[in-house]
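Data first, discussion second: the structure below is written as structure tokens.
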Number of protein chains: 4
Amino acid sequence: MARARPADGSARERILVAAEELFAAGGFDATPTSRIAERADVPKGLVHYYFRRKADLLTALVERLPDERIETAKVVVPGDIAQSLRRLVAELDRRLSSSVMLSHLLWREADTHTGVRDALQDRYQQLVAQVRAVILAAGVGGLAVADIDSASGLLALAVSYRHSVARHAVDEGPDEMERELEFIASALTARASERGAGTGDELGGALKPGQ
Amino acid sequence: MARARPADGSARERILVAAEELFAAGGFDATPTSRIAERADVPKGLVHYYFRRKADLLTALVERLPDERIETAKVVVPGDIAQSLRRLVAELDRRLSSSVMLSHLLWREADTHTGVRDALQDRYQQLVAQVRAVILAAGVGGLAVADIDSASGLLALAVSYRHSVARHAVDEGPDEMERELEFIASALTARASERGAGTGDELGGALKPGQ
Amino acid sequence: MARARPADGSARERILVAAEELFAAGGFDATPTSRIAERADVPKGLVHYYFRRKADLLTALVERLPDERIETAKVVVPGDIAQSLRRLVAELDRRLSSSVMLSHLLWREADTHTGVRDALQDRYQQLVAQVRAVILAAGVGGLAVADIDSASGLLALAVSYRHSVARHAVDEGPDEMERELEFIASALTARASERGAGTGDELGGALKPGQ
Amino acid sequence: MARARPADGSARERILVAAEELFAAGGFDATPTSRIAERADVPKGLVHYYFRRKADLLTALVERLPDERIETAKVVVPGDIAQSLRRLVAELDRRLSSSVMLSHLLWREADTHTGVRDALQDRYQQLVAQVRAVILAAGVGGLAVADIDSASGLLALAVSYRHSVARHAVDEGPDEMERELEFIASALTARASERGAGTGDELGGALKPGQ
DNA sequence: AATGAATGAGACTTCATTCAT
DNA sequence: AATGAATGAAGTCTCATTCAT
């Protein structure tokens with residue numbers, strides 16, 4: 001075996017990348033560490049040198065999850081919920097595109113590995129909060145709390161679904177997403193105006209974004 | 001090993017039940033056939049007698065998926081979309097409750113086993129179609145095709161999510177579902193009335209349910 | 001691999017024999033199960049089929065220890081302690097000769113494996129009791145309890161030593177044993193007569209052999 | 001890893017101490033060099049820097065064996081064999097107490113490592129010679145060579161047993177030792193007087209201690 | 001039809017040892 | 001002199017699968 005120096009990335013890094021790809025493709029259990037070593041072009045022993053147990057690979061992978069926090073101000077178009085959300089989704093897409101496999105992997109292994117599950121839930125919660133924050137910031141006023149919750153939940157669901165699980169489902173493409181997004185946005189504003197003012201449950205200024 | 005009496009189920013049946021539970025709990029790869037035999041209380045050899053390859057167990061499991069087709073008429077409350085959907089979801093819940101594990105299992109193994117993936121997609125498509133059919137049947141008139149698509153997609157997503165994947169997510173409980181359902185229903189009607197009549201893209205009678 | 005039917009002993013038996021020899025020769029830890037399989041001429045998997053964990057081999061070996069209980073009456077020559085002990089030792093030698101390796105092995109692994117240690121201690125205790133019983137049965141009368149205890153302990157030590165540990169020590173051969181045995185026997189009788197009668201601590205009839 | 005200061009012992013020394021403890025506790029084969037490094041609080045590489053092969057640790061350990069030669073004159077009480085032996089044993093106990101682990105270790109590994117075996121045998125021979133020398137020096141006269149040999153052998157056995165192997169056996173405590181010692185001593189004198197003078201096999205001055 | 005012994009490929013993991021620095 | 005990354009051989013154990021009965 002000639003291989004010796006890092007080549008493009010450190011050996012450790014190459015191992016992680018290989019693991020991510022193989023886990024995502026075939027599942028954690030079905031992927032032998034030997035195949036990971038092979039793909040990373042490192043000797044088998046090195047995999048266990050860096051990650052004593054196979055599960056440590058998963059842990060390390062989870063810790064590599066990019067922080068997908070997006071500054072609300074950057075995407076919000078005041079007064080236009082649909083456009084704001086559209087820009088949020090676009091930004092999320094851009095950021096997450098690098099980790100679709102990883103995200104997908106998480107869904108598969110969440111049952112069996114605590115810690116993976118936790119990371120997954122955190123991520124989802126963060127997503128909901130972000131959507132919520134954008135809706136509020138773009139908010140036209142007069143929105144009911146419950147409606148915002150529903151809208152955030154549904155959109156987060158759709159986004160998360162596309163990024164993590166969609167592999168199995170019929171490939172809906174971006175059109176579907178756009179349509180649903182628009183539906184949600186319009187629904188929000190429609191409901192707002194329909195209610196007129198002062199139903200009592202609309203938002204005051206006190207609502208802290210992200211909570 | 002004295003065990004013999006078919007008693008509560010044939011040996012074959014017991015094996016399948018055991019496999020379903022174990023696969024769902026730990027994943028396909030992580031579940032040894034020996035443990036399946038053990039749980040089914042059958043000799044180890046019998047598992048392979050009925051299912052020569054381990055994957056055959058998965059195949060058989062998929063074929064056992066209950067038909068969840070629900071007669072539209074049974075749940076529709078004409079003129080009341082929200083109520084109609086609510087009854088649809090309740091009925092789905094009732095039927096699917098017996099196969100949550102199985103459903104969940106399918107998500108996990110869909111990547112690796114064609115046939116599982118196919119079954120999963122069929123199921124999802126069927127679900128969308130059903131929601132759609134109900135919306136149409138309860139339909140207040142003046143609904144845009146795009147809106148119906150979006151609404152069906154979102155609700156199907158929420159339902160499917162709860163039944164198959166939700167195990168990992170924060171337990172939202174039925175309230176969340178109800179709120180989202182209501183949001184979608186109101187959105188639909190709100191948008192309908194808002195558009196008034198005759199925008200040209202509302203539904204004719206031609207739309208075939210299930211397509 | 002053609003091998004199939006038991007040949008000379010059952011496969012299980014051959015595995016145990018191979019394990020005993022190899023463990024005794026090289027120690028438990030230094031002996032790979034693969035070499036055991038090789039020597040027993042069975043496929044590697046079969047070793048683990050019968051003995052799931054390597055340590056189970058040790059356990060099984062311990063359970064195979066022959067019962068070395070010898071009927072006191074058979075060896076005792078009344079009135080002649082030396083001859084009685086000589087015959088006891090001869091009989092023990094005859095019985096144990098088949099398990100010297102095993103005995104030796106036990107000493108080595110007693111530290112690390114409870115259960116091995118227990119078996120070893122039981123064996124030793126049994127040995128002491130047996131020597132004691134023979135001395136009593138051959139007893140010339142007027143023996144002090146303490147002397148009998150000492151004599152039993154010392155002889156048991158010498159025997160046990162020869163059978164289990166002696167491999168490392170200078171090979172003393174049977175002559176040494178004979179000399180020590182005679183020394184002990186004469187010492188006993190010498191001490192008895194020297195004390196004369198009635199020092200008060202000699203044995204009554206109440207002393208239960210084996211206790 | 002800040003560790004640096006030689007403080008209580010040089011790194012090499014700390015490694016040896018750690019090795020001794022771990023080998024004695026778990027056996028040579030079962031003890032990874034990495035654990036030795038850990039316990040000695042030195043980097044893993046340093047262990048192999050000082051001791052290229054793992055077996056070198058054993059060799060070095062053997063060479064560290066304290067010289068247990070005791071000056072005969074220091075313990076002998078002329079005319080009183082029992083007391084002389086008692087003092088010898090006490091002195092041996094005092095010296096050896098620091099190396100019980102090491103002694104024990106030697107027994108375990110003697111099979112597999114020549115050199116360890118040799119050291120062990122030397123030690124034992126030395127012990128026998130020492131007991132012999134003490135008996136002679138305290139000697140009451142009229143002792144038969146064979147008796148002295150037997151007595152030396154038995155006592156050496158008992159001592160060696162306590163120091164090296166006794167870990168497994170029922171804990172007999174010092175009382176047992178004392179009783180056996182006394183038994184041997186009395187036996188010697190009893191036999192001596194019993195024989196009276198001139199059986200012809202008593203000792204001349206020729207017997208070289210240590211042989 | 002049913003069973004459990006038997007098989008062997010291969011998984012994960014450990015570890016002594018080497019080597020570049 | 002000292003270190004820790006790197007290596008690969010080997011070990012234990014698991015398991016799907018086959019086979020004789």
Side-chain angles (χ1 to χ4, degrees), chain A residues 1-6 10-12 15 28-37 42-57, chain B residues 1 3-4 6 10-12 15 28-37 42-57, chain C residues 1-6 10-12 15 28-37 42-57, chain D residues 1 3-4 6 10-12 15 28-37 42-57:
Chain A
M1 305 258 161
R3 175 207 36 63
R5 104 256 72 131
S10 70
R12 203 190 119 99
I15 291 171
F28 177 80
D29 288 309
T31 303
T33 51
S34 63
R35 196 135 55 212
I36 296 174
V42 297
K44 197 158 65 80
L46 198 56
V47 173
H48 292 97
Y49 175 69
Y50 283 123
F51 309 94
R52 188 175 285 261
R53 330 240 122 232
K54 193 184 178 188
D56 295 344
L57 278 166
Chain B
M1 304 257 162
R3 174 209 40 64
S10 68
R12 192 175 184 282
I15 291 171
F28 177 80
D29 288 307
T31 303
T33 53
S34 63
R35 198 137 54 213
I36 296 174
V42 298
K44 197 168 89 69
L46 199 56
V47 174
H48 290 96
Y49 177 68
Y50 283 127
F51 309 93
R52 185 170 295 261
R53 324 250 127 221
K54 193 184 177 188
D56 296 344
L57 278 165
Chain C
M1 305 257 162
R3 174 204 39 60
R5 106 255 72 131
S10 71
R12 204 189 118 99
I15 292 171
F28 178 80
D29 288 308
T31 304
T33 53
S34 64
R35 197 136 54 212
I36 296 174
V42 297
K44 195 159 65 83
L46 198 57
V47 173
H48 291 98
Y49 175 69
Y50 282 123
F51 308 95
R52 189 176 285 260
R53 328 242 125 230
K54 194 185 177 185
D56 295 344
L57 278 166
Chain D
M1 307 256 163
R3 174 207 39 64
S10 68
R12 191 174 184 283
I15 291 173
F28 177 80
D29 289 305
T31 304
T33 52
S34 63
R35 197 135 56 212
I36 296 174
V42 300
K44 196 167 87 70
L46 198 56
V47 174
H48 290 97
Y49 176 69
Y50 283 127
F51 309 93
R52 185 170 296 262
R53 325 250 127 219
K54 194 186 177 187
D56 296 345
L57 278 165

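Letters go in sequence order (proteins before strands), and every chain restarts at 1.
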Below the 4.0 Å mark, does [N] have OP1 or OP2 next to a side-chain nitrogen or oxygen of [X]?
X: Lys54(B); N: dA16(F); result: yes
X: Thr33(C); N: dG11(F); result: no
X: Tyr50(B); N: dA2(E); result: yes
X: Arg52(B); N: dT17(F); result: no

In the structure shown, which nucleotide is the Watson-Crick or G-U wobble counterpart of [N], with both distances under 3.5 Å?
N: dT14(F); answer: dA9(E)
N: dT17(E); answer: dA6(F)
N: dA1(E); answer: none

To the nearest Å, how far apart are [X] [atom1] and [N] [atom2]?
X: Leu57(A); N: dC12(E); atom1: CG; atom2: C1'; result: 12 Å
X: Tyr49(D); N: dT21(E); atom1: OH; atom2: C1'; result: 14 Å
X: Phe28(A); N: dC12(E); atom1: CZ; atom2: C1'; result: 10 Å
X: Ile36(C); N: dT12(F); atom1: CD1; atom2: C1'; result: 11 Å
X: Leu46(B); N: dA16(F); atom1: CG; atom2: C1'; result: 16 Å
X: Phe51(A); N: dA11(E); atom1: CZ; atom2: P; result: 19 Å
X: His48(C); N: dA5(E); atom1: NE2; atom2: P; result: 17 Å

Shortest side-chain distance from [X], nucleotide among [options]:
X: Pro43(D); options: dT3(F), dT3(E), dC12(E); result: dT3(F)
X: Arg53(B); options: dA11(E), dT18(F), dA16(E); result: dT18(F)
X: Pro32(A); options: dT7(F), dC12(E), dT7(E); result: dC12(E)

## Note on the structure
In this structure, OG1 of Thr33(A) is separated from CD1 of Ile15(A) (nearest 0.5 Å) by 10.5 Å
### Spatial distance of atom CZ (Phe28(A)) from atom CG (Asp29(B)) [nearest 0.5 Å]
11.0 Å
Of the non-hydrogen atoms in [X] and [Y], which two are nearest, and what is the gap between them?
X: Pro32(B); Y: Ala30(B); value: CD-O, 3.3 Å
X: Ser34(B); Y: Lys44(B); value: CB-CD, 3.9 Å
X: Thr31(C); Y: Lys54(C); value: O-NZ, 2.8 Å

### Task
Identify, between Gly45(C) and Arg35(D), the residue whose nearest nucleotide on DNA chain E lies closer to the 5' end.
Gly45(C)
### Task
Would you state whether a donor and an acceptor, one from the side chain of Lys44(C) and one from the base of dG10(E), lie under 3.5 Å apart?
yes
